[in-house]
Amino acid sequence: MTPVHFAFSSAFILGLTGLAFHRTHLLSALLCLEGMMLSLFIALSLWTVQLNSTSLCAAPMLLLAFSACEASAGLALLVATARTHGTDHLQNLNLLQC
């Protein structure tokens, strides 16, 4: 395993463990998701450069577009929950209540 591969794998795993264990605030969960998407984007970009493949060069841009859409939807949900509930604590949110 190369040091670059290890760095991006550990960045993804670090974001995943942060998402799994530190779910107190919605903002921290969104930041962990964004870190995971950023590590996937950089790893996919380096993979297409290493392969010298022109057919895969659009894949990182597609992932980056989906990542931007995910971030904007997450921030919209964060603003909506902060306005309705007054906080972004995930323990206060109840999915069964309107």
Side-chain angles (χ1 to χ4, degrees):
M1 181 182 290
T2 63
V4 174
H5 185 237
F6 176 73
F8 293 121
S9 297
S10 63
F12 184 80
I13 296 297
L14 186 66
L16 189 63
T17 55
L19 185 65
F21 294 126
H22 301 292
R23 294 184 299 174
T24 56
H25 294 280
L26 181 59
L27 185 61
S28 65
L30 289 175
L31 283 174
C32 289
L33 281 175
E34 202 61 36
M36 290 169 57
M37 291 298 287
L38 185 62
S39 67
L40 283 177
F41 169 72
I42 295 173
L44 189 60
S45 298
L46 288 177
W47 183 57
T48 56
V49 168
Q50 285 178 346
L51 290 180
N52 291 329
S53 176
T54 58
S55 63
L56 295 175
C57 65
M61 289 299 136
L62 186 64
L63 183 70
L64 190 63
F66 283 135
S67 164
C69 292
E70 176 256 336
S72 65
L75 286 177
L77 285 173
L78 177 70
V79 169
T81 49
R83 284 184 181 172
T84 57
H85 296 285
T87 185
D88 69 334
H89 286 282
L90 290 177
Q91 293 174 349
N92 294 341
L93 300 178
N94 189 0
L95 295 177
L96 299 176
Q97 188 178 19
C98 292

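The first residue in the sequence is number 1, and the count goes up from there.
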* Structure fact -> By side chain to side chain donor-acceptor pair (under 3.5 Å), S53 pairs with (sequence neighbours left out) S55
* Structure fact -> So CG of L26 and NE2 of H85: to nearest 0.5 Å the spacing works out to 10.5 Å
* **CG on L14 to CE on M36, rounded to 0.5 Å** => 10.5 Å
* Asked: Which heavy atom in L19 sits nearest to a heavy atom in C32, and how many Å separate them?
  -> N-SG, 3.7 Å
* Asked: Can you pull the side-chain hydrogen bond (donor to acceptor under 3.5 Å, both in side chains) pairs that have at least one residue in residues 30-43, sequence neighbours excluded?
  -> E34-S67
* What is the distance from atom CG of L64 to atom CD1 of I42, rounded to the nearest 0.5 Å? -> 10.0 Å
* Structure fact -> For L78 and L27 the tightest heavy-atom approach is CD2-CD1, 3.8 Å
* **Path from L40 to I13 over hydrophobic side-chain contacts below 4.5 Å** => yes
* Structure fact -> Residues passing the ring pair (Phe, Tyr, Trp, His ring centres under 6.0 Å) test with H22, sequence neighbours excluded, are none
* For residues S28 and T24, report the shortest heavy-atom separation together with the two atoms involved. => OG-N, 4.4 Å
* Tell me, which pairs form a side-chain hydrogen bond (donor to acceptor under 3.5 Å, both in side chains) where one or both residues lie in residues 5-20, sequence neighbours left out? -> none
* Asked: Apart from V79 itself, what residues make up its hydrophobic cluster when side-chain heavy atoms of I, L, V, M, F, W and Y under 4.5 Å apart count as a link, directly or indirectly?
  -> none
* Please list all pairs passing the ring pair (Phe, Tyr, Trp, His ring centres under 6.0 Å) test where one or both residues lie in residues 38-80, with sequence neighbours left out. => none
* To do: Using the rule that two of Ile, Leu, Val, Met, Phe, Trp, Tyr join whenever any of their side-chain heavy atoms come within less than 4.5 Å, decide whether L44 and L46 are in one cluster.
  => yes
* To do: Find the distance between CG (L62) and SG (C57) and round it off to the nearest 0.5 Å.
  => 11.5 Å
